[in-house]
Each structure stands twice: as C-alpha cells, then as structure tokens.
Amino acid sequence: MKKKRLQTLHGYRLLDTPPEPEFDDVVRRAAERFGTPIALMSLVDADRRWFKAKVGLDVDETPRSVAFCAYAIQGDDVMVVEDARDDERFSRNPLVLDDPSIRFYAGAPVTAEGGDKLGTICIIDRKPRHDFSEADREALTKLAAEVSRMLGSAKEMARSG
C-alpha cells in the first residue's frame, strides 16, 4: 500500500518543482479564508513532507517524522488538532516546541485519481483554536478536492509534454 502510494506520488513528477501560481493561489485563499498565518499544499514522500505551495513558512520541506500531514493522509476526512500541546501525538514535536510553534492544525487529504492520498492542504496557527466548524471542514475539503483535480491536470500535462 505504502509502496503504491509513493509510486503514484512520484508519477505526478511534482516533487522539487518550482512554484506554480495555481497552487500558490489555493494556499493563499486557504490562509485568507481561515485567517491563519500558515497554509500549505504538502506532498508526503517516503522521508519528507515537501511543500508545493506555502504561505507563512520559509522552508521547502520538513522530515516526515515530524509532519502532521503524515497523520492526516491516513484518514479520509479533515484532521483537526485544536491545541497540539494537548495532543499526545504532537506535544513533544519540535514544530510545536520550537519555530513555527504550531498550536492549531487542520489538514484535508489531497487524493490521486486512484484514491492514493498524496499530501494535504493544511492550515496552521500559532494559537489554539476550538471553533473549527463543520462548514470550515467542508471548505477545507473543497480546497483539497480542487488541488486533487489540479494534480490530475498536471499529470496529463506531464504525460503529453
């Protein structure tokens, strides 16, 4: 299963590619919609989480071992962490203890045509949030679906190019 997901991810040929306005626009809209200082479109590789698009971070990747997104792709729904300091999975995570001081995280899986979860659209805040509504979940899910469609288009372009 993991091997198939990674083969699918690599087949899209998006890892380590330059920024693209379409993906940048989605994360910019996510940050604006949810009022968060950080929004990301991440792809989860074998040992790293790489950011195809980002708002509010200066790094291009983090180790998979500290990636909230690696947990988010294990489910089908939006994963919400209201306060990472209170979550046993993340309370000792260096991204919580040090910069960027993650407190709130919400991530929706970005899915390939065959159903493999390749990464997420996620929003991050440096303060806890306890008000992420069902409407917010739906909005983040729609952004992830938009990116999933964009990935399909990118793959078609890679095949024909």
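What you see is a predicted model; the values in this text were computed from it and never measured. Hydrogens, waters and symmetry mates play no part in the numbers below; they use all other heavy atoms, side chains included.
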Quiz item: When you look at Val80 and Tyr105, which way does the side chain to side chain contact (heavy atoms under 4.5 Å, CB included) test go after all the steps?
Solution: CA-CA 6 Å; Val80 177; Tyr105 170 95; over 6 Å; no
Output the distance between atom [atom1] ([X]) and atom [atom2] ([Y]), rounded to the nearest 0.5 Å.
X: Asp136; Y: Arg33; atom1: CG; atom2: CZ; result: 4.5 Å
X: Arg29; Y: Phe34; atom1: CZ; atom2: CZ; result: 11.0 Å
X: Thr62; Y: Leu57; atom1: OG1; atom2: CG; result: 9.0 Å
X: Asp25; Y: Glu20; atom1: CG; atom2: CD; result: 12.5 Å
X: Asp24; Y: Lys52; atom1: CG; atom2: NZ; result: 8.0 Å
X: Trp50; Y: Cys69; atom1: CH2; atom2: SG; result: 13.5 Å

With side chains defined as the heavy atoms from C-beta onward, is the minimum distance between [X] and [Y] less than 4.5 Å?
X: Thr17; Y: Leu15; value: no
X: Val59; Y: Phe51; value: yes
X: Pro128; Y: Phe104; value: no
X: Leu95; Y: Pro100; value: yes
X: Glu61; Y: Arg49; value: no
X: Lys142; Y: Glu146; value: no

Self-check item: Met41 vs Lys54, side chain to side chain contact (heavy atoms under 4.5 Å, CB included): CA-CA, chis, key distance, verdict
Solution: CA-CA 6 Å; Met41 188 263 169; Lys54 60 190 177 184; over 6 Å; no
Exercise. Examine the side chains of His130 and Asp83 and answer whether a donor and an acceptor come within less than 3.5 Å of each other.
Key: no
Quiz item: Between the side chains of Ser148 and Thr111, does any donor sit under 3.5 Å from an acceptor?
Solution: no
So, for [X] and [Y], which heavy atoms are closest and what is the spacing to 0.1 Å?
X: Val44; Y: Arg5; result: O-NH2, 2.7 Å
X: Arg126; Y: Gly56; result: NH2-O, 4.0 Å
X: Val26; Y: Leu143; result: CG1-CD2, 4.1 Å
X: Ala46; Y: Arg64; result: O-CD, 3.3 Å
X: Arg129; Y: Gly35; result: NH2-O, 2.8 Å
X: Ile124; Y: Pro37; result: O-CD, 3.4 Å

Exercise. Identify whether the distance between the nearest side-chain nitrogen and carboxylate oxygen of Arg89 and Asp87 falls below 4.0 Å.
Key: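 Yes, Arg89 and Asp87 are salt-bridged.
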Exercise. Run the salt-bridge test on Asp77 and Arg137 with the 4.0 Å N-O cut-off and return the result as yes or no.
Key: no
Decide whether [X] and [Y] are clustered together by the hydrophobic rule: side chain heavy atoms of Ile, Leu, Val, Met, Phe, Trp, Tyr closer than 4.5 Å, transitively.
X: Leu40; Y: Val147; value: no
X: Ile38; Y: Tyr71; value: yes
X: Leu118; Y: Met150; value: yes
X: Ile102; Y: Val78; value: no
X: Ile121; Y: Val55; value: yes

Practice problem: Might you work through the side chain to side chain contact (heavy atoms under 4.5 Å, CB included) test for Asp45 and His10, ending with a clear yes or no? | Solution: CA-CA 8 Å; Asp45 203 358; His10 289 231; 2.8 Å; yes
Exercise. Carefully, step by step, assess Arg28 and Phe23 under the rule side chain to side chain contact (heavy atoms under 4.5 Å, CB included).
Key: CA-CA 9 Å; Arg28 206 172 12 260; Phe23 293 108; over 6 Å; no
Quiz prompt | Asp116/Lys2 under salt bridge (Lys or Arg N to Asp or Glu O under 4.0 Å): CA gap, chis, key distance, verdict | solution = CA-CA 9 Å; Asp116 290 314; Lys2 179 181 174 183; over 6 Å; no
Quiz prompt | Plane angle bin for Phe68 and Phe90 - parallel if under 30°, tilted between 30 and 60°, otherwise perpendicular | solution = parallel
